[in-house]
Amino acid sequence: MGDSHSYDRISVHQALGGGSVADVLLWRKRCGGVVLLGSSTILWFLFERAGYNFLSFVSNVLLLLVAILFFWGKSASLLNRPLPPLPDLEISDQSVVKAADEIQVWVNLALSIARDIAMGRNLSRFLQVAFLLWVVSYVGSVFNFLTLVYIGVLLSLSVPVLYEKFQDHIDEKLCKIQRVIQMQYRKIDENLLKKIPLPQNKQKKTQ
């Protein structure tokens, strides 16, 4: 039983997309992981502890970058030096279409869930969404947005590595927890949820 489960299981690297992002999150590209951790830590310290304003900081950085590029280009033309090595700054149509397709999938999923809740068809889905929104509201009242983003970066750089290292033990524990949750949900569903009357769609028969 365990062997058949291991054949179906994909690696953490594949689950994260198998590209450069997965390499950074799993610390296979240590330079990228260090840069991401260091830059996020510096930005969090500047905005959260030092009191820098985000808009002013971004404007000053862009102003400095534009000034450097401008004077670099001017000096290059006067001294017959190569221009700044800038790539073509444009977004391809393929990238836009791919991003739009991804957004469409998630928007349609959210609209489908909202429709089911509004029609009163799925009480369990309503409870799941309500619990998730309550958790988000509670966490948002404890931490501000910037701190949440920083915590997300720290978790993304630590959780995948730990999960890849202890995947067998974690999967075993998660399977046990999932079985317990399913048993408790069945009890609640049989004793409470099924006794709550739900509106049914009645179709009028036309002669």
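Quick caveat: nothing in here was measured; it's all calculated off a predicted structure. What you see below is based on every heavy atom in this structure, not just the backbone, and it leaves out hydrogens, waters and symmetry mates. Residues take their numbers from the sequence shown, with the count starting at 1.
Listed by chain and residue number, Val24, Val153, Leu157 satisfy the side chain to side chain contact (heavy atoms under 4.5 Å, CB included) test with Leu36 (two or more places apart in sequence, or in another chain). Phe126 pairs by the ring-ring contact (aromatic ring centres under 6.0 Å, His included) definition with nothing, not counting sequence neighbours. The side chain to side chain contact (heavy atoms under 4.5 Å, CB included) check on Gln178 picks up Gln182, with sequence neighbours excluded. Partners of Tyr138 under the ring-ring contact (aromatic ring centres under 6.0 Å, His included) rule, at least two apart in sequence or in another chain, are Trp134. Among residues two or more places apart in sequence or in another chain, the side chain to side chain contact (heavy atoms under 4.5 Å, CB included) test is passed with Val129 by Ile113, Ile117, Arg125, Leu133. In this view, Gln104 and Asp101, Asn108 satisfy the side chain to side chain contact (heavy atoms under 4.5 Å, CB included) rule, not counting sequence neighbours. Residues satisfying the side-chain hydrogen bond (donor to acceptor under 3.5 Å, both in side chains) test with Ser95, not counting sequence neighbours, are Ser92. Arg28 is linked by a salt bridge (charged side-chain N to carboxylate O under 4.0 Å, His left out) to Glu164, counting only residues two or more places apart in sequence or in another chain. Taking the ring-ring contact (aromatic ring centres under 6.0 Å, His included) definition, one finds that Tyr150 meets it with Trp44, sequence neighbours left out. Scored by the salt bridge (charged side-chain N to carboxylate O under 4.0 Å, His left out) test, Lys74 finds no partners at all (sequence neighbours excluded). Residues forming a salt bridge (charged side-chain N to carboxylate O under 4.0 Å, His left out) with Glu48 (at least two apart in sequence, or on another chain): none.
Between Val34 and Trp27, the closest heavy-atom pair is N-CZ3, 3.7 Å. Nearest heavy-atom pair, Asp171 versus Tyr163, reported as atom, atom and distance to 0.1 Å: OD1-OH, 2.6 Å. Looking at every heavy atom in both residues, Leu162 comes nearest to Ile170 through O-CD1, 4.1 Å. Nearest heavy atoms, Leu25 versus Ser156: CD2-O, 3.5 Å.
Both Leu155 and Val142 belong to a common hydrophobic cluster when Ile, Leu, Val, Met, Phe, Trp and Tyr are linked at side-chain heavy-atom distances under 4.5 angstrom. Placement of Val35 and Ile42 in two distinct hydrophobic clusters is found when ILVMFWY residues are connected by side-chain heavy-atom separations under 4.5 Å, directly or transitively. Leu174 and Val161 fall within a single hydrophobic cluster, where Ile, Leu, Val, Met, Phe, Trp and Tyr are joined by side-chain heavy atoms under 4.5 Å apart, directly or via other members. Each of Val136 and Phe143 belongs to its own hydrophobic cluster when Ile, Leu, Val, Met, Phe, Trp and Tyr are linked at side-chain heavy-atom distances under 4.5 angstrom.
In this structure, a donor-acceptor pair under 3.5 Å is present between the side chains of Thr147 and Asn144.
Within the 4.5 Å cutoff, side-chain heavy atoms of Leu154 are placed close to those of Leu37.
Summarising the geometry, atom CG belonging to Leu132 is positioned 12.5 Å from atom CG belonging to Leu127; distances are rounded to the nearest 0.5 Å.
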Check residues 54-71 and write down every donor-acceptor pair under 3.5 Å in which the side-chain atom is one partner and the other belongs to a residue at least two apart or another chain.
unit_1: Ser59; atom_1: OG; unit_2: Leu55; atom_2: O; d: 2.9
unit_1: Asn60; atom_1: ND2; unit_2: Ser56; atom_2: O; d: 3.1

